[in-house]
Amino acid sequence: MTTTRRTDGPLSSSEHAALTETVTAHNYAPLPVVVAEAHGAWVTDVDGRRYLDCLAGYSALNFGHGHPVLLQAAREQLERVTLTSRAFYNDRLGPFARDLAALAGMDLVLPMNTGAEAVETAIKVARRWGYRVKGVPAGQAQIVVAAGNFHGRTTTIVSFSTDDSAREGFGPFTPGFTVVPYGDADALRAALTPETVAVLLEPVQGEAGVVVPPPGYLAAVRQACTDAGVLFVADEVQSGLGRTGATFACELEGVVPDVYLLGKALGGGIVPVSAVVSTHEVLDVLTPGSHGSTFGGNPLAAAIGHAVVGLLETGEYQERAAKLGVQLRDRLDDLVGHGVQAVRTRGLWAGIDIDPALMTGRAACERLAERGVLVKDAHGQTIRLSPPLVVEPDDVDRAVDALAAVLDAGGR
Ligand SMILES: Cc1ncc(COP(=O)(O)O)c(C=O)c1O
């Protein structure tokens, strides 16, 4: 069937929503807000209404919308060269990878595009490392993952999801994964076998509702991996790059994994940029032809990613996240028992469990949007706050005040 392109004037908010629902697949259920413009922590809809963006593209917008340094890097690169493919070198990838590796304290970077691609890449690398370096018999490699994980949407990744809605109807699934409870280091240690090549974990489970593991868990996982000769792969696609008040969430626990997976904020909210960052021992198992991506490491992505690394090198954003995170936590803690059952925070990142007797997480998000604050629910009763790290202290108060007002209004 063909559709004809209409040339009528600007659409209203509800017309945009209706059009999108008519012509796109229904794999999302957006809030009824049609964004037309955004700067810093604020977005404006097609009717000119302003909202405080407290989702920040699931942390892809850690530096806010249209950060001038990132826009400048993108603009300059747009005029020079945007895509070469890895069939040739480009003059942006080397400097970006050098400085990203240094930021992470690692040797090498493997650039990809989306977070899921970084995870897929790490699975392949860990398996090959297992066969070639650890000596696991061919086809036997196992990877230990945690219940409640979210690592992306590919068929292999959803194979080890514990969320039925992510899996239903998508089998057959990829074998080779063992799921253990999140936060239980003994269970994890018990699951390691001679065939285990890697443990793949989020240092904080974002999608699950900002689930923070017990103190000492990540250090115990690190030790278990070292003892068993297994790679510790930290998926910091959402937790990394400043969000938690440190460059990497692992740092807060004094832990250095073998592999960092990065994405989201690495592209500055402008283009998708992801990376597997690790050591020679791990990434040297890849050889020409064994892995690749048409867009991975393209000069535009590398120029923006390099500018992101430059922002993180200042330490300013990590510091803001830590400082504003204390303010956010203190304010949210006051809501516990007043429509909120529990709050979990790490830096400028919060999971808030709304009392089911009052309303669903979705209803809370809708009412917050009516009050000019954009957030997203996760798994029914939980809402997530992850404002851009450039947000002002007054805006943090504004978001919590709006939530308090929504809860006060209760079922109304
Ligand atoms: C921890 C983690 N890993 C991987 C992904 C997948 O990233 P993408 O949506 O860019 O594929 C996400 C996305 O939310 C994530 O939170």
Side-chain angles (χ1 to χ4, degrees), residues 25 27-28 30 54-62 110-126 143 145-163 165-167 170 177 179 182-183 198-213 218 221 232-244 246-250 252 257 259-277 293 295-296 298 301 304-305 308 344 346-351 375-379 382-386:
N27 54 328
Y28 281 92
C54 286
L55 179 63
Y58 303 91
S59 291
L61 288 154
N62 277 0
L110 195 166
M112 296 296 285
N113 309 285
T114 65
E117 284 177 301
V119 175
E120 285 278 348
T121 304
I123 291 168
K124 289 171 70 177
V125 167
I143 294 178
V145 297
N149 70 71
F150 187 86
H151 297 285
R153 299 292 196 172
T154 66
T155 43
T156 287
I157 293 172
V158 301
S159 294
F160 55 86
S161 169
T162 54
D163 177 356
S165 60
R167 288 165 54 92
F170 297 138
F177 299 94
V179 183
Y182 188 63
V199 169
L200 168 63
L201 286 181
E202 297 154 86
V204 175
Q205 289 189 326
E207 240 0 74
V210 191
V211 175
V212 180
L218 295 177
V221 171
F232 180 8
V233 181
D235 182 346
E236 295 242 22
V237 166
Q238 196 166 161
S239 60
L241 309 183
R243 172 59 55 192
T244 62
T247 307
F248 303 102
C250 282
L252 297 170
V259 181
Y260 282 116
L261 306 183
L262 303 175
K264 294 197 192 278
L266 194 55
I270 302 174
V271 287
V273 184
S274 68
V276 178
V277 187
S293 156
F295 293 98
N298 72 72
I304 294 168
V308 165
R344 297 166 297 278
R346 252 304 183 265
L348 199 52
W349 198 16
V375 293
K376 178 76 175 74
D377 55 309
H379 298 286
T382 304
I383 62 172
R384 272 171 296 180
L385 285 183
S386 54

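Order of listing sets the numbers, starting from 1, for every ligand and every atom in it.
Aromatic ring orientation, F248 versus Y260: parallel (interplanar angle below 30°, classes split at 30° and 60°).
Partners of E120 under the salt bridge (charged side-chain N to carboxylate O under 4.0 Å, His left out) rule, at least two apart in sequence or in another chain, do not exist in this structure. L61 is linked by a side chain to side chain contact (heavy atoms under 4.5 Å, CB included) to D53, A56, H65, counting only residues two or more places apart in sequence or in another chain. Contacts of A350 classified as side chain to side chain contact (heavy atoms under 4.5 Å, CB included), with partners at least two apart in sequence or in another chain: L328, L332, T345, I352, L385.
R384 and E207 are joined by a salt bridge, as a carboxylate oxygen and a charged side-chain nitrogen come within less than 4.0 angstrom of each other.
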Would you mind writing out a table of all protein N or O atoms found under 3.5 Å from any N or O atom of ligand 1, naming both atoms and giving the distance to 0.1 Å?
residue, atom, partner, partner atom, Å
ligand 1, 3 (N), D235, OD1, 3.3
ligand 1, 3 (N), D235, OD2, 2.7
ligand 1, 10 (O), G115, N, 2.8
ligand 1, 11 (O), G115, N, 3.4
ligand 1, 11 (O), A116, N, 2.8
ligand 1, 14 (O), K264, NZ, 2.8
ligand 1, 16 (O), Q238, NE2, 2.7

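Judged purely by atom type and a 3.5 angstrom limit, R167 uses its side chain to pair as donor or acceptor with the backbone of V158.
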